[in-house]
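Structure first, commentary second.
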Amino acid sequence: MSQFDPQQRNLSRLGLFLRRAFPERQIILRSGERLRSLRLSTASQVALVAAGLAVGGWVTYSSYFVIDHDRIVAAKETEINRARAAYKGLLAQVSVYKERIGSITSSLERNHAHIVSLVDQNTSLDERLATMREELASTAEEKERIEKQSADLAGEIKKLKTEIASAARQGDEPAVAGAGAAAATSGVELAAVEVDPGDVVGLRRARADREREDLYAQLQMLESDLGRSPTTEIVATDLDGIEVELRRVILQRDLAQAERDGLTKRIGDLEKQLAEMENTQLALFTRFSELASDKIGEVEKSLARTGIDLPALVEKANRRYGQGGPFVPDDALRERETPLTRSLDRVSLRLDHLDTLGRVARQLPLTAPLAEDFRITSTFGPRRDPVNGRSAVHEGLDLVSKYKSQIMVTAPGKVVYAGWRGRYGRMVEIDHGMGIRTRYAHLAKITVRKGQRVDRGDEVGLLGNSGRSTGAHLHYEVLVDGEPQDPMKFIKAGSDVFKG
């Protein structure tokens, strides 16, 4: 019998290979007396093998992803902790720089005040020096006047000595001459009375002696007054004291100028050092501001993927923390602004906004509610109902894992419901604030109570099959202001936010 098959005549090598590898098979099924046959062609067998390989590959990939999920989460947590530590280190460094700037500013203010006092002291010394110079000039004029008066007195004394000597010579002249002179002087008396010539001479000599004695007494009195006069000593003493005081004032002025020059140089060095520190800090603040802006952009982009109104949540988060105080316009502050203060203000604003975003992210359910391996069996949105097969809307996410797996809280909050709720079965509802709630349904056991505060990662129950359910799974919902949201968007956003 020939092995030639006309159907293989136009087949390619691949077709021939598949025909030999997957020949047509017929499966005969017997049920009682009835026989049924199932024919499997080559194409059907190839399709079944391809589908099996695809399913096996997908199962292998999913299993690897689930197994590797814990490692990825741990690595992301490590990166988050490292980023937080670096953030705290930068804040500490900024605080140290602020303290150093404050101490240098205080030192500059103290030095400036000291220099101002030295300048005032120098001005006072200059005024005092000018006053003393004027006093010295007036004292010199007084000295000249006193010296002139002394010269005049000396001339008068000399004149008196001359007159005394002249009077002495006149007393020793012959009596005749003396009598003639006396007669010439008092002709009336001589003419009226005849006087003895010897008596006339004696009288004139006695009068001359008295005049000489009076002149000598006057001379001695003038010399005594001139000798006792303290004007010269006073002038000399005043001049010496003024000269000493003048030298002391000049020395104080020179010392003040030297100290002022030293302080000026020190202030220049400090200002140069401060300028270098400000440049370094400005570069640091600029870099830190850029990093904060990049981080803010990443977080906002990740949180925006959830579909929530992020600005509204930020406003709600800010309202939760008390703020206030009197209104003080910043017009005066703007006048004292510097590039460093403006950069620091920008960094502070960005850090405040980043901190607000961090608070919002911490309040959002951004993690998966199952710690162990799980898979998604029903996504959020339209679907065919698993019980009656009709078109329906699924307002949550169905996650499958082994029975009684641990169910974890996805964000900190307060338990507002814990018990049986109709078709949800055993359900826990948690309020996370800002209008955000999560629900965990079809539980086998509830491990929290109403009113209890819980944190991210705390256990709320065990996976089960209570309520309207076709098998053990977790029905997980996220509601924002009462409206259901896709939980998968939050989980994917959390994988981006928590990677650091």
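Fair warning: this is a prediction, and the values are worked out from it, not measured in the lab. In this chain, numbering begins with 1 at the start of the sequence shown. Only heavy atoms go into these numbers, but all of them, side chains included; no hydrogens, no water, no symmetry mates.
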Can you sort out the partners of Lys272 under salt bridge (Lys or Arg N to Asp or Glu O under 4.0 Å), two or more places apart, ordered by chain and number?
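Applying salt bridge (Lys or Arg N to Asp or Glu O under 4.0 Å) to Lys272 gives none.
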Residues two or more places apart in sequence or in another chain: which of them pass salt bridge (Lys or Arg N to Asp or Glu O under 4.0 Å) with Asp261?
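In terms of salt bridge (Lys or Arg N to Asp or Glu O under 4.0 Å), with neighbours along the sequence ignored, Asp261 is linked to no residue.
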Within residues 483-493 or reaching into it, pairs that qualify as side chain to side chain donor-acceptor pair (under 3.5 Å) - sequence neighbours excluded
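Counting only pairs at least two positions apart or across chains, no side chain to side chain donor-acceptor pair (under 3.5 Å) contact touches residues 483-493.
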Would you give me the side-chain donor-acceptor pairs under 3.5 Å for residues 406-416, sequence neighbours excluded?
residue, atom, partner, partner atom, Å
Gln406, NE2, Glu459, OE1, 3.1
Thr410, OG1, Tyr440, OH, 3.2
Thr410, OG1, Tyr476, OH, 3.0

Sequence neighbours left out, cut at 3.5 Å: what donor-acceptor pairs do the side chains of residues 45-56 make with other protein atoms?
residue, atom, partner, partner atom, Å
Gln45, OE1, Arg25, NH1, 2.6
Gln45, NE2, Pro23, O, 2.6
Gln45, NE2, Leu40, O, 3.3

Spacing of [X] atom [atom1] and [Y] atom [atom2] [to the nearest 0.5 Å]:
{"X": "Ile376", "Y": "Leu399", "atom1": "CD1", "atom2": "CG", "result": "6.0 Å"}
{"X": "Leu443", "Y": "Leu474", "atom1": "CG", "atom2": "CG", "result": "6.5 Å"}
{"X": "Thr379", "Y": "Met488", "atom1": "OG1", "atom2": "CE", "result": "10.0 Å"}
{"X": "Phe490", "Y": "Leu397", "atom1": "CZ", "atom2": "CG", "result": "12.0 Å"}
{"X": "His442", "Y": "Arg426", "atom1": "NE2", "atom2": "CZ", "result": "12.0 Å"}
{"X": "Leu366", "Y": "Ile491", "atom1": "CG", "atom2": "CD1", "result": "9.5 Å"}

All side-chain hydrogen bond (donor to acceptor under 3.5 Å, both in side chains) counterparts of [X], not counting sequence neighbours:
{"X": "Asp455", "result": "none"}
{"X": "Asp385", "result": "Arg468"}
{"X": "Ser41", "result": "Ser44"}

Specify the closest pair of heavy atoms between [X] and [Y], including all atoms of both residues, with the distance to one decimal.
{"X": "Gln363", "Y": "Met434", "value": "CB-CE, 3.3 Å"}
{"X": "Pro484", "Y": "Phe380", "value": "O-CZ, 3.9 Å"}
{"X": "Phe374", "Y": "Ala368", "value": "CZ-CB, 3.9 Å"}
{"X": "Ser401", "Y": "Leu370", "value": "CB-CD1, 4.1 Å"}

So, [X] side chain and [Y] main chain: donor-acceptor pair closer than 3.5 Å or not?
{"X": "Ser391", "Y": "Arg384", "answer": "no"}
{"X": "Glu477", "Y": "Gly396", "answer": "no"}
{"X": "Ser466", "Y": "Ala444", "answer": "no"}
{"X": "Asn465", "Y": "Gly471", "answer": "yes"}

Could I get the full list of side-chain contact (heavy atoms from CB on, under 4.5 Å) partners for [X], not counting sequence neighbours?
{"X": "Lys402", "answer": "Glu372, Ser405"}
{"X": "Arg421", "answer": "Tyr417, Tyr424, Met427, Glu429, Arg439"}
{"X": "Ser378", "answer": "Arg383, His394, Asp398"}
{"X": "Arg375", "answer": "Thr377, Val400"}

